[in-house]
Amino acid sequence: MEGVLAVRMQVMDLKLYYLEFFTRTYPVWVLSDYCYVMPPKGSQSLLPDILSNLPDNVIDVILMCLPCQDAVRTSILSKKWRYHWCRLTELSLDGSLWKTKKDLLNPTVKFTKIIYQLLTLHEGPITKFTLNISSLEKCCPKIDNFIYFLSRNDIQHLVLHLPRNNLNKLPSSLFTCSQLRHLNLRNCFMYRPPAFQGFERLISLELCGVTISSKLLESLISHCPLLEQLVLNNSPLKIDTIEIDAPMLRLFDFTGNISSICLKNVPLLVKVSLAGYDMYPEYLDFAKVFESCSALEHLFLNFSNAELSVEEEYEGPRRLPFDLNNVKRFYLPDISLLESSYELSYALCLIRSFPYLEYLDIKVYSEAEDDDCILECLELEHFSDVTFNHLREVKLECFTGRTPETQLIKLLLAKSPVLVRMLIGTRYLDDKPLDTRLKIFAEVSTFSRASPEAEVVYQKFKYDRD
Amino acid sequence: MASTTETKQKKMLILKSADNDEFEIEESVGVQSETIKNLVEDGFTFVPLPNVYTKALIKIIDYLKKHANKTDSNDEEIKTFDKDFVNTTFDDLFELVSAANYLHISCLMNMLCQTIADRIKDKSPEAVRKIFHINCDYTPEEEAKIRKANAQAFEGQFDESLD
């Protein structure tokens with residue numbers, strides 16, 4: 001095989017050699033059967049058309065990287081390009097389609113025209129379709145038929161961002177797209193069509209600003225047996241609790257009222273991000289939220305109750321009724337833990353319930369007056385029942401050197417026997433006079449460390465928050 | 001720990017370019033290319049690449065080496081490398097994209113196509129024709145008809161530059 005190849009390559013080299021030679025001395029027609037096509041009369045170019053000569057699949061990828069209108073414009077390049085864009089399997093339409101200077105038509109009418117033109121010219125399957133008309137101010141165009149068209153053309157990945165201003169009913173034809181693997185919806189309300197059987201192949205679902213009843217959401221999720229990723233963002237769920245039953249779910253990202261969530265049957269769930277607001281202690285029950293998260297490894301938490309005044313003597317639970325033994329990484333980068341004893345007590349409750357925690361990322365900055373309650377909370381003697389036996393790295397952002405912050409550092413250093421590194425973000429500290437800084441560093445260096453290996457590193461994080 | 005990985009012989013591959021230059025690389029680096037991976041799985045350690053010229057192959061091996069050592073911490077470094085990698089002429093980009101397509105390295109292929117698309121974006125059809133030496137074989141009447149059919153795509157100002 002090698003010999004044959006070598007010979008073939010020699011022949012090729014020879015051809016190339018001649019090619020170079022000929023192009024310099026002879027008219028181009030000599031090579032017309034090789035790689036140059038004889039240009040039609042009146043043509044100006046004798047150089048190879050490098051773009052058109054690329055393999056079709058490469059041209060397809062380039063066209064799919066272009067905004068839709070740019071892809072459509074390629075139809076004018078030459079006859080070869082006339083229908084290239086019409087057989088793209090991935091299409092994306094957005095506001096750039098109707099934003100022009102000579103805007104005589106109503107954008108909705110114009111948009112409808114474009115959609116139907118596309119529908120008439122397109123050939124072959126469309127596996128991925130993105131429609132982003134969230135900035136369209138006028139009424140939403142009728143896209144029901146269009147989605148029905150997609151459902152008959154093998155649509156697998158659908159992104160629909162409908163106008164923000166007026167909430168639209170989700171076209172019921174969506175439920176006929178039985179091949180869907182990824183679905184991303186924004187700004188609409190969803191109701192259950194009579195004959196919906198579920199999305200049997202759906203692996204990722206993202207709902208953002210989608211009004212949906214808890215009952216429908218629960219049923220939708222349980223009718224997607226392969227669902228691996230679920231993102232729910234600001235979907236008005238109110239106080240109703242939804243129970244999530246998704247045996248294949250691996251990633252869950254939720255923004256909204258955390259207390260309305262119950263992760264019921266999620267044996268494979270490894271990553272969870274919860275962001276919430278208006279948390280009321282009587283409702284927020286992490287024990288319920290994490291009830292069956294036995295596989296959980298990464299937890300990202302961001303909740304705030306800024307408007308809530310918690311009674312002074314409020315005491316959160318000390319720990320969950322169960323331990324989550326797989327949690328390795330815990331992120332609380334947006335919560336000013338040391339500003340409210342309520343938030344701190346919840347964070348500590350969770351940390352106590354993660355005996356195998358390896359990485360902790362928290363923000364320590366606080367603007368509040370020194371709070372005795374918080375200092376009391378962080379006293380070492382309250383932690384006689386806890387050691388962070390697996391904690392290897394801690395990242396503390398926005399360190400300013402105040403007492404509750406150093407107290408927390410002291411606690412973590414004293415309780416972490418295998419700690420390797422503690423990274424402390426000093427962006428806020430850098431504004432302080434040198435002697436203040438040196439005093440703080442000196443104080444931290446006197447804290448006893450349970451781990452002989454532990455080093456404390458001060459650095460300015462790239463993303464240290466303001 | 002370190003000594004055991006050192007003593008373990010690294011599997012090597014030889015890639016041969018279309019101009020008969022040979023390059024020795026680690027198998028783990030090479031198998032990022034689906035084409036090479038398939039050959040390796042069939043037991044080949046010598047891989048002739050009759051569609052890839054030396055100039056492109058050198059750059060591609062650089063790319064593969066860099067991306068084989070991807071970790072959580074060198075993300076920025078790789079981004080800078082990628083940025084420099086695509087900062088080249090159209091001719092080079094096309095040579096590279098053909099090679100990446102032949103070698104089935106999808107991440108490289110996507111990056112190159114995105115770069116080409118970004119450079120074509122907003123350009124007038126006339127400018128695109130000139131840059132790529134595309135011969136327009138439409139009659140003026142045909143061209144006018146297509147423009148009319150897709151009128152909204154041809155509205156507005158376009159970039160006429162040829163770089």
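Naming convention: chains lettered A, B, ... in sequence-line order (proteins, then strands); numbering from 1 in each chain.
A distance-only check finds no donor-acceptor pair linking the side chain of A/Asp70 to the backbone of B/Lys121 [under 3.5 Å].
Separation of atoms CG (B/Asp122) and CZ (A/Arg73) is listed at 6.5 Å; rounding is to 0.5 Å. In this structure, CD1 on B/Ile120 lies 9.0 Å from OG1 on A/Thr74, to the nearest 0.5 angstrom. A/Leu54 contributes atom CG, which lies 6.5 Å from atom CD1 of B/Ile116 (distance to the nearest 0.5 angstrom). The line from CG of B/Asp137 to CG of A/Leu77 is 10.5 Å long, rounded to the nearest 0.5 Å. One finds the CD1 atom of A/Ile62 at 11.0 Å from the CG atom of B/Asp118 (value rounded to the nearest 0.5 Å).
Surrounding CZ of A/Arg82 are more than 12 heavy atoms belonging to other residues, nucleotides or ligands, all under 6.0 Å away. Heavy-atom neighbours of A/Arg87 CZ from other residues, nucleotides or ligands within 6.0 Å: above the threshold of 12. In the displayed structure, A/Lys271 atom NZ is contacted under 6.0 Å by at most 12 heavy atoms of other residues, nucleotides or ligands. Residue-environment remark: NZ (B/Lys37) stays at or below the threshold of 12 foreign heavy atoms within 6.0 Å. The 12-atom threshold is not exceeded at NZ of B/Lys83, counting heavy atoms of other residues, nucleotides or ligands nearer than 6.0 Å. The environment of A/Tyr83 atom OH is sparse: at most 12 non-hydrogen atoms of other residues, nucleotides or ligands sit within 6.0 angstrom.
For chain B, the nearby parts of A/Ser75 are the backbone and the side chain; heavy atoms of each come within less than 4.5 Å. Heavy atoms of B/Lys123 lying under 4.5 Å from chain A belong exclusively to its backbone. Using a 4.5 Å cut-off between heavy atoms, B/Glu142 contacts chain A through its side chain alone, with no backbone atom that close. Using a 4.5 Å cut-off between heavy atoms, A/Ile76 contacts chain B through both its backbone and its side chain.
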| request: List the steps, then state whether side-chain contact (heavy atoms from CB on, under 4.5 Å) holds for B/Cys113 with A/Val58. | output: CA-CA 7 Å; B/Cys113 287; A/Val58 179; 4.1 Å; yes

| said: If you apply the rule side-chain contact (heavy atoms from CB on, under 4.5 Å), what do you find for A/Trp81 with B/Ile134, and how did you get there? | reply: CA-CA 10 Å; A/Trp81 285 86; B/Ile134 297 172; 4.2 Å; yes

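Per-residue heavy-atom pair counts under 4.5 Å with chain A were compared for B/Glu95, B/Glu126, B/Met109, B/Lys130, and the maximum is reached by B/Met109.
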